[in-house]
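The sequence lines fix the lettering, A, B, ..., with proteins before strands; numbering per chain opens at 1.
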Amino acid sequence: MNHWLVKSEPFVYSWDDFEKAGRSVWDGVRNYQARNNLKAMQKGDWVFFYHSNEGLAVVGIAQVDREAYPDPTTDDARWVVVELVPVQKLKRPVSLQEIKSDNRLQEIALIRQSRLSVMPIKREEFDLILSFSNDENT
DNA sequence: GCCAACGTTGGC
DNA sequence: GCCAACGTTGGC
């Protein structure tokens with residue numbers, strides 16, 4: 001069981017859009033590192049849904065429902081998609097600022113490699129961010 | 001709107 | 001294979 005984080009610009013595709021649709025084909029990834037991460041996803045893996053550009057926060061949890069297959073939006077065989085289903089919206093968004101300000105989260109790719117759109121995340125980091133969202137006070 | 005950090009492209 | 005130029009992403 002692995003954990004991941006995917007970014008989406010809420011202008012283009014927000015958590016609410018995702019929840020309404022009930023499923024998402026995660027297409028359009030055109031970066032090898034992100035692609036490799038998609039390929040490594042297994043059905044049932046947990047995925048944080050992050051709003052980039054606007055919002056700048058982890059907003060929900062999704063789950064991998066279908067593992068990587070060729071991206072139907074291109075003829076280029078290099079690229080793949082996965083299918084995600086929404087699991088639940090976080091009680092409150094956990095902001096990038098909050099993540100940045102916690103010593104235990106300094107190593108995560110969200111901070112270290114800000115341009116990567118699909119990244120692995122350690123279980124402890126996943127749990128910690130989740131615990132932030134359950135803490136009403138911060 | 002600006003800029004840092006990358007990734008890609010193309011000339012040599 | 002190197003590197004300059006350029007494009008893109010995303011935070012501020």
Side-chain angles (χ1 to χ4, degrees):
Chain A
M1 178 74 58
N2 291 308
H3 300 74
W4 310 92
L5 183 148
V6 296
K7 292 180 177 175
S8 185
E9 300 185 35
F11 279 129
V12 179
Y13 194 78
S14 71
W15 171 264
D16 286 343
D17 296 332
F18 179 38
E19 232 176 21
K20 268 179 221 154
R23 160 177 300 271
S24 176
V25 176
W26 211 256
D27 59 22
V29 170
R30 297 291 182 271
N31 168 285
Y32 289 113
Q33 212 181 336
R35 191 274 316 262
N36 291 344
N37 291 331
L38 286 182
K39 281 187 169 177
M41 287 185 184
Q42 294 178 307
K43 190 177 164 96
D45 282 356
W46 300 102
V47 182
F48 273 146
F49 191 105
Y50 175 85
H51 279 169
S52 64
N53 282 309
E54 186 178 290
L56 305 186
V58 176
V59 291
I61 304 173
Q63 217 168 7
V64 177
D65 193 57
R66 186 170 169 195
E67 295 174 12
Y69 61 95
D71 189 336
T73 67
T74 176
D75 289 333
D76 192 328
R78 291 175 299 173
W79 309 118
V80 301
V81 299
V82 296
E83 290 183 16
L84 303 178
V85 291
V87 175
Q88 69 174 59
K89 190 173 184 167
L90 297 187
K91 278 189 191 167
R92 64 167 188 83
V94 177
S95 70
L96 177 64
Q97 214 171 17
E98 237 178 297
I99 291 168
K100 273 189 165 173
S101 65
D102 193 293
N103 292 334
R104 293 163 291 181
L105 295 172
Q106 294 309 300
E107 299 302 313
I108 75 171
L110 189 64
I111 297 172
R112 303 205 68 171
Q113 230 183 320
S114 66
R115 290 182 56 213
L116 189 61
S117 62
V118 180
M119 64 193 77
I121 182 165
K122 289 195 191 110
R123 190 212 172 103
E124 306 86 76
E125 296 163 343
F126 188 95
D127 289 345
L128 187 58
I129 291 169
L130 196 55
S131 76
F132 290 169
S133 79
N134 288 319
D135 180 356
E136 306 288 341
N137 297 321
T138 37

Colleague: Using salt bridge (Lys or Arg N to Asp or Glu O under 4.0 Å) as the criterion, list what pairs up with A:D75, not counting sequence neighbours.
Modeller: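 Scan of A:D75 (salt bridge (Lys or Arg N to Asp or Glu O under 4.0 Å), adjacent residues dropped) gives none.
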
Colleague: Measure CD/A:Q33 against P/C:dG10 and give the value in whole Å, please.
Modeller: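 The distance from CD of A:Q33 to P of C:dG10 comes to 13 Å, rounded to the nearest Å.
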
Colleague: Among residues at least two apart in sequence or on other chains, which ones pass salt bridge (Lys or Arg N to Asp or Glu O under 4.0 Å) with A:R23?
Modeller: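 Here the qualifying residues are A:D65, A:E83.
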
Colleague: Applying salt bridge (Lys or Arg N to Asp or Glu O under 4.0 Å), can you list everything that pairs with A:D16, at least two apart in sequence or on another chain?
Modeller: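 For A:D16 the salt bridge (Lys or Arg N to Asp or Glu O under 4.0 Å) partners, ignoring immediate neighbours, are A:K89.
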
Colleague: Not counting sequence neighbours, which residues clear salt bridge (Lys or Arg N to Asp or Glu O under 4.0 Å) with A:E107? List them please.
Modeller: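 Salt bridge (Lys or Arg N to Asp or Glu O under 4.0 Å) check on A:E107 returns A:R112.
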
Colleague: What one-letter contact string describes nucleotides 2-9 of chain C from 5' to 3', where B marks a base within less than 4.0 Å of any protein heavy atom, S marks contact via sugar-phosphate atoms alone, and - marks no contact?
Modeller: -----BBB

Colleague: Suppose we screen for ring-ring contact (aromatic ring centres under 6.0 Å, His included). Which residues come up paired with A:F49, at least two apart in sequence or across chains?
Modeller: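 Scan of A:F49 (ring-ring contact (aromatic ring centres under 6.0 Å, His included), adjacent residues dropped) gives A:W15, A:F18, A:W26, A:H51.
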
Colleague: Measure the distance from CD on A:E54 to P on C:dG11 and round it to the nearest whole Å.
Modeller: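 Taking CD of A:E54 and P of C:dG11, I get 12 Å after rounding.
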
